[in-house]
Novice: 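Okay, here's the structure, questions in a sec.
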Amino acid sequence: MQLFSLRPPQGCALAGALQPIGANSIWSVNQSADLLYDRLLQAGLSMDFVAPVSELERFIQGWDFDLDDPLTLARFLLGNPASVEEAKLRLEECRAWRPQVDLPRLMQRWGYWTTAEKPPPHWVWQPQTPRAAAVAPYFFGRCCPELRTQSGGPVLVLRLGAFDLEGALRENLVEELMEPWIFMVEQTFQLCREVAFEKKRLVKLACIVDIEGVSFTWLQHLSVLQQFAKAINRHYPEMAQTLTVIRAPHIFTWLWEVAAPLLLEEMTLKKVAILGHDFRGRPGPRLDRFGLSTGPLFSHRCHPQTSRCEGLAAHAGVAAAELPSFLGGGGEEVPRPELVPPGVGARLPSRLHYETTGAPANSPEPKDPKRPASRPAGLCHRDFCFSPAGLVDNYKE
């Protein structure tokens with residue numbers, strides 16, 4: 001029987017946390033290569049991650065958990081945990097959070113699952129209830145399934161600067177807007193997983209954030225923004241390949257210094273580029289320590305080793321012509337969120353019975369003649385490689 005030993009991956013927080021490797025370390029593997037090594041490498045893992053992912057697989061054995069594929073488990077290790085034990089803690093938090101927000105029913109309120117359109121299969125944004133349709137105009141982002149990065153990842157576009165945060169607070173809509181936020185993040189996450197299944201490697205998204213309109217008053221509501229950030233940071237680890245902020249005003253230097261550590265994890269901060277109104281990219285000034293231009297143009301994110309500056313398309317890894325039209329491309333538009341009018345919170349339609357209790361067999365549900373048949377209540381879940389017992393599993397709903 002062939003035995004092998006691994007070392008923690010370079011550049012990962014776990015590398016320092018787990019050295020030196022002892023005889024009982026999970027980074028030292030004493031299992032048959034044909035049961036462990038081949039199976040997890042076939043799933044798309046690098047050799048460095050075979051042992052820790054195997055440990056997480058043993059940890060969640062017996063769970064009713066829809067994120068148990070090897071590449072997704074690897075995200076919990078890459079999400080900068082101090083140890084594998086912390087990765088296990090995050091898995092437990094994620095497992096508890098998904099039923100707490102009633103994720104399957106939430107997804108069905110805000111969209112539908114399709115295999116009829118351009119592959120891979122994915123969730124489509126389309127509010128399915130009167131209450132969701134009433135809240136949707138005030139939401140500030142979309143996943144763009146047709147827009148892809150050079151590596152095949154999806155693109156998330158947020159028109160955050162146009163979001164009427166104070167109006168949402170006045171009308172008690174923050175909790176309501178958390179639902180489309182979770183839908184959008186889960187939609188993007190599941191699309192990353194589907195592409196990862198296809199390509200047999202970890203796939204991440206590009207996030208583009210337009211902050212035109214952000215002011216100092218936002219600092220008064222950082223706790224609200226933290227609620228949105230927490231849903232990603234704790235329950236969707238290592239999703240972003242890049243985060244590109246555009247149309248940043250000059251005051252953003254101070255806003256960023258205060259807000260960034262509260263909203264983003266350390267590893268995500270390293271992926272951020274902040275661009276001004278001229279975000280298409282050309283030779284420009286160097287940046288200060290926050291990644292902001294120190295010159296009058298305030299336009300570019302520069303590579304630290306060179307004077308070359310890059311624009312939005314280059315940093316996000318997308319084709320400029322395929323960007324939404326408000327970003328100068330010819331792709332599908334991401335609507336600007338509407339201002340929240342006074343009294344709209346009190347006029348929201350009531351939740352339908354099946355939204356909170358599940359629909360009885362004879363209950364009417366919202367219909368769309370163009371909508372393909374939606375998937376059952378379960379979310380996207382597939383063991384696409386050999387199970388620990390060496391068996392091949394099919395789609396699980």
Novice: Measuring only between side-chain heavy atoms, which start at C-beta, is L56 closer than 4.5 Å to L91?
Specialist: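 The answer is yes; the side chains approach within 4.5 Å.
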Novice: Test side-chain contact (heavy atoms from CB on, under 4.5 Å) on R201 and S151; report intermediate values, then the result.
Specialist: CA-CA 10 Å; R201 60 175 173 79; S151 60; 4.2 Å; yes
Novice: State, with a plain yes or no, whether a side-chain heavy atom of F228 is found less than 4.5 Å away from one of V174.
Specialist: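 Of all side-chain heavy-atom pairs linking V174 with F228, at least one is under 4.5 Å.
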Novice: Please check this pair: side chain of T149 against backbone of G153, looking for a donor-acceptor N/O pair closer than 3.5 Å.
Specialist: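 Yes: the side chain of T149 pairs with the backbone of G153.
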Novice: So how far is it from L202 CG to R75 CZ, rounded to the nearest 0.5 Å?
Specialist: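 One gets 4.0 Å once the value is rounded to the nearest 0.5 Å.
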Novice: Is E57 salt-bridged to R39, going by a charged N under 4.0 Å from an acidic O?
Specialist: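 Yes, E57 and R39 are salt-bridged.
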Novice: Distance alone, cut at 3.5 Å: any donor-acceptor contact between the side chains of Q190 and E186?
Specialist: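 Distance-only check passes for Q190 and E186.
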Novice: Please say yes or no: joined through hydrophobic side-chain contacts below 4.5 Å, possibly via intermediate residues, are L106 and V135 part of one cluster?
Specialist: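 Yes; tracing contacts between hydrophobic side chains, which count when under 4.5 Å, links both residues.
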Novice: Charged N to carboxylate O below 4.0 Å: is that the case for R347 and E171?
Specialist: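 Between E171 and R347 there is no salt bridge, as every charged N stays at least 4.0 Å from the carboxylate O atoms.
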Novice: Can you name the nearest heavy-atom pair linking L40 to P70, along with the distance?
Specialist: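 Heavy atoms of L40 and P70 come nearest at CD2-CG, 3.8 Å.
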Novice: Where do L191 and P154 come nearest, in terms of heavy atoms and distance?
Specialist: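 The answer is CD2-CB, 3.6 Å.
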Novice: Distance alone, cut at 3.5 Å: any donor-acceptor contact between the side chains of E179 and W110?
Specialist: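 Short answer, yes.
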Novice: With side chains defined as the heavy atoms from C-beta onward, is the minimum distance between I246 and L327 less than 4.5 Å?
Specialist: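 Yes, at least one pair of side-chain atoms sits under 4.5 Å.
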Novice: Is any side-chain heavy atom of F279 closer than 4.5 Å to a side-chain heavy atom of T244?
Specialist: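 Of all side-chain heavy-atom pairs linking T244 with F279, none is under 4.5 Å.
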Novice: As an exercise, state the distance from CG of D278 to CZ of R247, rounded to the nearest 0.5 Å.
Specialist: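 Reported value, rounded in 0.5 Å steps: 11.0 Å.
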Novice: Can you tell me how far apart CD1 (I274) and NE2 (H315) are? Round to the nearest 0.5 Å.
Specialist: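 Going from the CD1 atom of I274 to the NE2 atom of H315 covers 10.0 Å.
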Novice: So if you build clusters from Ile, Leu, Val, Met, Phe, Trp, Tyr with side-chain heavy-atom gaps below 4.5 Å, do L262 and Y236 land together?
Specialist: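 Result: yes, single cluster for both.
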Novice: Using 0.5 Å steps for rounding, measure from the CG atom of L177 to the CG atom of D164.
Specialist: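 Answer for the CG-CG pair, L177 versus D164, is 10.0 Å.
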Novice: Salt bridge or not for E85 and K88, using N-O below 4.0 Å?
Specialist: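 Looking at K88 together with E85, the answer is yes, because their closest N to O distance falls below 4.0 Å.
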Novice: Kindly assign one of parallel, tilted or perpendicular to the pair F140 and W181, based on the angle between their ring planes and the thresholds 30° and 60°.
Specialist: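 Ring orientation, 0 to 90° scale: tilted.
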Novice: What is the minimum heavy-atom distance between E333 and P324, and which atoms define it?
Specialist: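 Nearest heavy atoms, E333 then P324: OE1-CB, 3.6 Å.
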Novice: Check E93 with R90, please: is the shortest side-chain N to carboxylate O separation under 4.0 Å?
Specialist: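 Here R90 does not pair with E93 in a salt bridge, since their nearest N and O are not under 4.0 Å apart.
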Novice: Does the side chain of M239 come within less than 4.5 Å of K204's, by heavy atoms?
Specialist: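 Contact flag for K204/M239 side chains = no.
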Novice: Between OG of S83 and CG of L77, what distance do you get to the nearest 0.5 Å?
Specialist: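 Between atom OG of S83 and atom CG of L77 there are 10.0 Å.
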Novice: Using the six-membered ring of W97, assess whether NZ or CZ of R234 lies under 6.0 Å from its centre and within 45 degrees of the ring axis.
Specialist: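 Not satisfied by the 6.0 Å and 45° rule.
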Novice: Strictly distance-based, threshold 3.5 Å: is any side-chain N or O of Q128 a donor or acceptor partner for the main-chain N or O of Q126?
Specialist: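 Pair found, side chain donor or acceptor close to backbone of Q126.
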Novice: Does the N233 side chain pair with the main chain of L263, one donor and one acceptor, at a distance under 3.5 Å?
Specialist: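 Looks like yes, one N/O pair under 3.5 Å.
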Novice: Enter the distance from H277:NE2 to E212:CD here, rounded to the nearest 0.5 Å.
Specialist: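 Rounded to the nearest 0.5 Å, the NE2-CD separation comes to 4.5 Å.
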Novice: Evaluate side-chain contact (heavy atoms from CB on, under 4.5 Å) for W123 paired with T188, printing each intermediate quantity in order.
Specialist: CA-CA 8 Å; W123 284 94; T188 312; over 6 Å; no
Novice: For a 4.5 angstrom cut-off between non-hydrogen side-chain atoms, does L173 reach V344?
Specialist: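 Sidechains of V344 and L173: in contact.
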Novice: Hey, mind stepping through L243 and V209 against side-chain contact (heavy atoms from CB on, under 4.5 Å) and telling me if it holds?
Specialist: CA-CA 8 Å; L243 196 162; V209 186; 4.1 Å; yes
Novice: Output yes when E332 and R142 qualify as a salt bridge under the 4.0 Å nitrogen-oxygen rule, no when they do not.
Specialist: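 Answer for the salt bridge query: no.
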Novice: Strictly below 4.0 Å, N to O, side chains only: are E322 and R148 in salt-bridge contact?
Specialist: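 No.
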Novice: Applying the 4.5 Å side-chain criterion to the ILVMFWY set and letting contacts propagate, would L169 and L160 be lumped into a single cluster?
Specialist: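 In one cluster with L169: L160, yes.
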Novice: Using the rule that Ile, Leu, Val, Met, Phe, Trp and Tyr join whenever any side-chain heavy atoms are under 4.5 Å apart, tell me whether M184 and I232 fall into a single cluster.
Specialist: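 Cluster IDs for M184 and I232 match.
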Novice: Would a hydrophobic clustering, with Ile, Leu, Val, Met, Phe, Trp and Tyr connected at side-chain separations under 4.5 Å, put V195 with L73?
Specialist: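 No: no chain of side-chain contacts under 4.5 Å links V195 to L73.
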Novice: What's the shortest heavy-atom distance between K200 and L71, and which atoms?
Specialist: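 Here K200 and L71 meet closest at C-CD1, 4.4 Å.
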Novice: Kindly give the heavy-atom pair with the smallest separation between G161 and V214, and that separation in Å.
Specialist: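 Heavy atoms of G161 and V214 come nearest at CA-CG2, 3.7 Å.
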Novice: Is the side chain of Q241 donor-acceptor paired with the backbone N or O of A206 at a distance under 3.5 Å, no angle test?
Specialist: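 No; judged by distance alone, with no hydrogens or angles, the pair does not exist.
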Novice: Decide side-chain contact (heavy atoms from CB on, under 4.5 Å) for V334 and L158; before the verdict, give the C-alpha distance in whole Å, the side-chain angles of both, and the deciding distance to 0.1 Å.
Specialist: CA-CA 8 Å; V334 174; L158 308 179; over 6 Å; no
Novice: Indicate the atoms forming the closest heavy-atom contact of F76 with A87, along with that distance.
Specialist: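 For F76 versus A87, the nearest heavy atoms are O-CB, 3.6 Å.
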Novice: Are Q187 and P145 side-chain neighbours, meaning at least one heavy-atom pair lies under 4.5 Å?
Specialist: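 Q187 vs P145: side chains touch.
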Novice: Given the ring of F326, does R336 sit roughly above its face, with NZ or CZ under 6.0 Å from the centre of the six-membered ring and within 45° of the axis?
Specialist: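 No - R336 does not lie over the ring of F326 by the 6.0 Å and 45° rule.
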Novice: Has Q150 got more than 12 heavy atoms of other residues, nucleotides or ligands less than 6.0 Å from its CD?
Specialist: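 Not buried by this count: 12 neighbours or fewer within 6.0 Å.
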Novice: Evaluate the side-chain proximity of F139 to P337: yes if any heavy-atom separation is below 4.5 Å, no if none is.
Specialist: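 The answer is no; the side chains never approach within 4.5 Å.
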Novice: Is the closest side-chain donor-acceptor distance between T72 and R193 under 3.5 Å?
Specialist: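 Per modelled atom types, T72 and R193 side chains form a pair under 3.5 Å.
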